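Keep in mind the model is a prediction, meaning the values are calculated, not measured. Below, chain A is the first sequence line, B the second, and so on; all start at residue 1.
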Amino acid sequence: MNLGDPQRNDALAAAYVLGTLRGRARARFERLMRGNRGLGDAVRAWEERLLPLAESLPPVTPPARVWTAILGRTAGTGAVPGRPASSGAHVGWWRGLALVSLAAAFALALALLKPAPELPQGTLVVVLAGEDAKPKLLASSDRSSRYLTIAAIAPIALESDRALELWMLPDHGNPRSLGLVSAVAPTGIARVALPDNAERALKDIPALAVSLEPSGGSPTGLPTGPVLYSGAVKRLY
Amino acid sequence: MASDPAKQLERNARLMELLARTALKDQQAFAELYRAASPHLFAVALRILREASAAEEVLQESFVNVWHHAASYVAAKSQPLTWLTSIVRNRCLDQLRRREVETITMDDEEEGVTIADQGPTALELLLAGADAHAVKACIEALEPAQKQAIALAFFQGLSHSELARHMREPLGTVKSWVRRGLERLRSCLDRVGVTR
């Protein structure tokens with residue numbers, strides 16, 4: 001691509017924004033654009049000319065699962081629950097946790113999640129363990145909250161083309177997805193939105209489970225991969 | 001979305017504020033941004049990809065990207081919805097690129113039917129969009145074939161060769177319609193001072 005000719009650059013920018021610049025030429029143009037301010041400005045000018053035309057499209061509300069998935073991938077990466085800055089220091093320490101009793105794991109993980117010395121208003125917790133009964137994940141929520149926070153309490157291995165999906169396991173009927181919680185791997189925190197506040201959303205849900213799914217989550221709406229971790233819903237009130 | 005200029009201004013100010021707060025990792029602002037912009041962005045993706053699951057995936061990827069890179073919006077100096085639309089459109093076009101590699105052959109007849117069957121035509125949308133943005137005169141000044149080719153490329157994501165098949169014209173002819181149409185649109189818009 002010759003970048004000397006401003007008229008040609010403008011034509012390329014127009015084709016890029018319109019979408020007719022395709023294939024390898026498009027990828028090459030994107031690379032050039034990053035290093036060339038004039039080209040970037042030309043693209044922005046064409047975006048301002050053409051993209052507002054798209055506002056004539058009748059809006060379509062996306063299904064709720066899209067937002068749930070977005071939340072599953074963004075919650076926990078921000079300032080709100082956040083990873084403790086010193087999480088690296090905790091890792092080695094947590095590794096020994098499998099040896100500690102389940103009850104102790106509860107107490108310790110709760111202390112980490114709620115550092116303030118306030119009395120909880122009523123907390124739901126779920127310790128999710130693998131087949132070896134070692135606790136791996138802790139899910140918790142205030143009973144009035146519409147979010148469930150899931151934290152790794154031991155390192156979680158996850159391949160980049162796989163996802164972890166969290167499910168409610170009702171007494172009767174099929175598991176219901178709460179979204180992706182891949183952000184817990186390897187030692188992080190994920191947050192998922194509940195359909196109602198935790199008390200009501202998990203009322204008839206005795207247990208939660210996490211399954212291994214293709215990236216993007218289960219294509220069928222039901223768990224397709226192996227169930228890696230599961231645990232009973234406990235109410236601390 | 002809003003076509004009344006005062007409402008548009010108000011909406012843009014609101015979206016800018018939400019983007020700024022999203023850059024500070026404000027989850028509530030991010031949720032509100034999603035509520036405000038996702039129906040428009042989903043419509044854009046659906047139209048180009050013509051497949052709900054692919055459009056959902058693009059929307060998801062785009063908003064995850066917005067969450068991580070909202071701070072770069074400030075540097076982009078664009079209208080907020082334009083910035084968001086460009087993210088979604090670029091991801092859609094990437095998807096199409098991948099699809100093109102996978103399925104090279106496509107039945108021309110069948111393709112013609114799919115495109116014609118979807119709600120308002122691309123041309124109607126182009127005119128409606130122009131109406132809303134006072135660039136109507138410039139869009140209308142284009143030759144009918146230029147208008148049609150630009151509308152199909154913009155709204156349906158058709159490539160030059162797909163345009164040629166769809167419009168049943170040689171590739172070179174279609175390419176020059178698009179190129180000349182864009183040049184004409186630009187000089188007309190520059191004259192009336194539409195570029196913001």
Engineer: Can a salt bridge be assigned to the pair B:Asp94 and A:Arg22 using a cut-off of 4.0 Å between side-chain N and carboxylate O?
Structural biologist: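 The answer is no: the pair does not qualify as a salt bridge.
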Engineer: Please determine whether side-chain contact (heavy atoms from CB on, under 4.5 Å) holds for the pair A:Val60 and B:His40, giving the CA-CA distance in whole Å, both sets of side-chain angles, and the decisive distance to 0.1 Å.
Structural biologist: CA-CA 7 Å; A:Val60 185; B:His40 167 68; over 6 Å; no
Engineer: Take atom CZ in B:Arg180; do more than 12 heavy atoms of anything else shown fall under 6.0 Å from it?
Structural biologist: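 Not more than 12 within 6.0 Å, no.
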Engineer: What's the verdict on side-chain contact (heavy atoms from CB on, under 4.5 Å) for B:Phe155 and A:Ser56, showing C-alpha distance, side-chain angles and the deciding distance?
Structural biologist: CA-CA 10 Å; B:Phe155 285 103; A:Ser56 60; 3.8 Å; yes
Engineer: Quick one: OG on B:Ser38 to CD1 on A:Ile70, what's the gap to the nearest 0.5 Å?
Structural biologist: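 If we round to the nearest 0.5 Å, B:Ser38:OG and A:Ile70:CD1 are 7.5 Å apart.
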Engineer: B:Tyr34 versus chain A, heavy atoms under 4.5 Å apart: side chain, backbone, both or neither?
Structural biologist: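 Just its side chain gets close to chain A.
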Engineer: Between B:Leu59, B:Leu185, B:Asn90, B:Leu41, which has the largest tally of heavy atom pairs under 4.5 Å with chain A?
Structural biologist: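 Going by pairs under 4.5 Å, I would pick B:Asn90.
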Engineer: Which distance, rounded to the nearest 0.5 Å, do you find between the OG of B:Ser86 and the CD of A:Glu48?
Structural biologist: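 Those atoms lie 9.5 Å apart.
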Engineer: Which atoms of B:Val178 are under 4.5 Å from chain A, going by heavy atoms: the side chain, the backbone, both sets, or neither?
Structural biologist: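 It is the side chain, since no backbone atom gets that close.
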Engineer: Rounded to the nearest 0.5 Å, what's the gap from OG1 on A:Thr20 to NZ on B:Lys175? Could you check?
Structural biologist: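 Interatomic distance, A:Thr20 OG1 to B:Lys175 NZ, rounded to 0.5 Å: 9.5 Å.
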Engineer: Top residue by heavy-atom pair count (under 4.5 Å) with chain B, among A:Pro62, A:Gly40, A:Gly19, A:Ala69?
Structural biologist: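 Looking at each of A:Pro62, A:Gly40, A:Gly19, A:Ala69 in turn, A:Pro62 comes out on top.
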Engineer: Using heavy-atom distances under 4.5 Å, tell me whether B:Ala52 contacts chain A through its side chain, its backbone, both, or neither.
Structural biologist: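 Contact with chain A is absent: no heavy atom of B:Ala52 under 4.5 Å.
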Engineer: Under 4.5 Å between any side-chain heavy atoms of B:Arg97 and A:Arg24, yes or no?
Structural biologist: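 No. Closest side-chain heavy atoms not under 4.5 Å.
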Engineer: Measuring only between side-chain heavy atoms, which start at C-beta, is B:Gln27 closer than 4.5 Å to A:Leu71?
Structural biologist: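 Yes, at least one pair of side-chain atoms sits under 4.5 Å.
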Engineer: Taking every non-hydrogen pair under 4.5 Å, which of A:Ala193, A:Pro63, A:Pro58, A:Pro219 racks up the most with chain B?
Structural biologist: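 Winner by heavy-atom pair count: A:Pro63.
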Engineer: Examine distances only and state if a side-chain atom of B:Arg89 and a backbone atom of A:Val17 form a donor-acceptor pair shorter than 3.5 Å.
Structural biologist: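 Side chain of B:Arg89 to backbone of A:Val17: a pair is present.
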Engineer: Take A:Asp10 and B:Arg186 through the side-chain contact (heavy atoms from CB on, under 4.5 Å) test and state the conclusion after the steps.
Structural biologist: CA-CA 10 Å; A:Asp10 195 67; B:Arg186 184 195 162 149; 2.7 Å; yes
Engineer: Evaluate whether atom CD of B:Gln28 has more than 12 neighbouring non-hydrogen atoms of other residues, nucleotides or ligands under 6.0 angstrom away.
Structural biologist: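 12 or below, so no.
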Engineer: Going from NE2 on B:His68 to OG1 on A:Thr74, what distance comes out if it is rounded to the nearest 0.5 angstrom?
Structural biologist: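 Rounded to the nearest 0.5 Å, the NE2-OG1 separation comes out at 7.0 Å.
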Engineer: In the structure I gave you, are the side-chain heavy atoms of A:Arg49 and B:Asp190 within less than 4.5 Å of one another anywhere?
Structural biologist: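 They are in side-chain contact.
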Engineer: Kindly determine whether A:Leu50 and B:Leu182 satisfy side-chain contact (heavy atoms from CB on, under 4.5 Å), including the steps that lead there.
Structural biologist: CA-CA 10 Å; A:Leu50 293 180; B:Leu182 287 171; 4.3 Å; yes
Engineer: For residues 55-72 of chain B, which residue pairs pass the salt bridge (charged side-chain N to carboxylate O under 4.0 Å, His left out) check, not counting sequence neighbours?
Structural biologist: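 For residues 55-72 of chain B: A:Arg65-B:Glu56, A:Arg73-B:Glu61.
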Engineer: I need the minimum non-hydrogen distance between B:Phe154 and A:Leu53, along with the two atoms involved.
Structural biologist: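 Closest approach of B:Phe154 to A:Leu53: CE2-CB, 4.0 Å.
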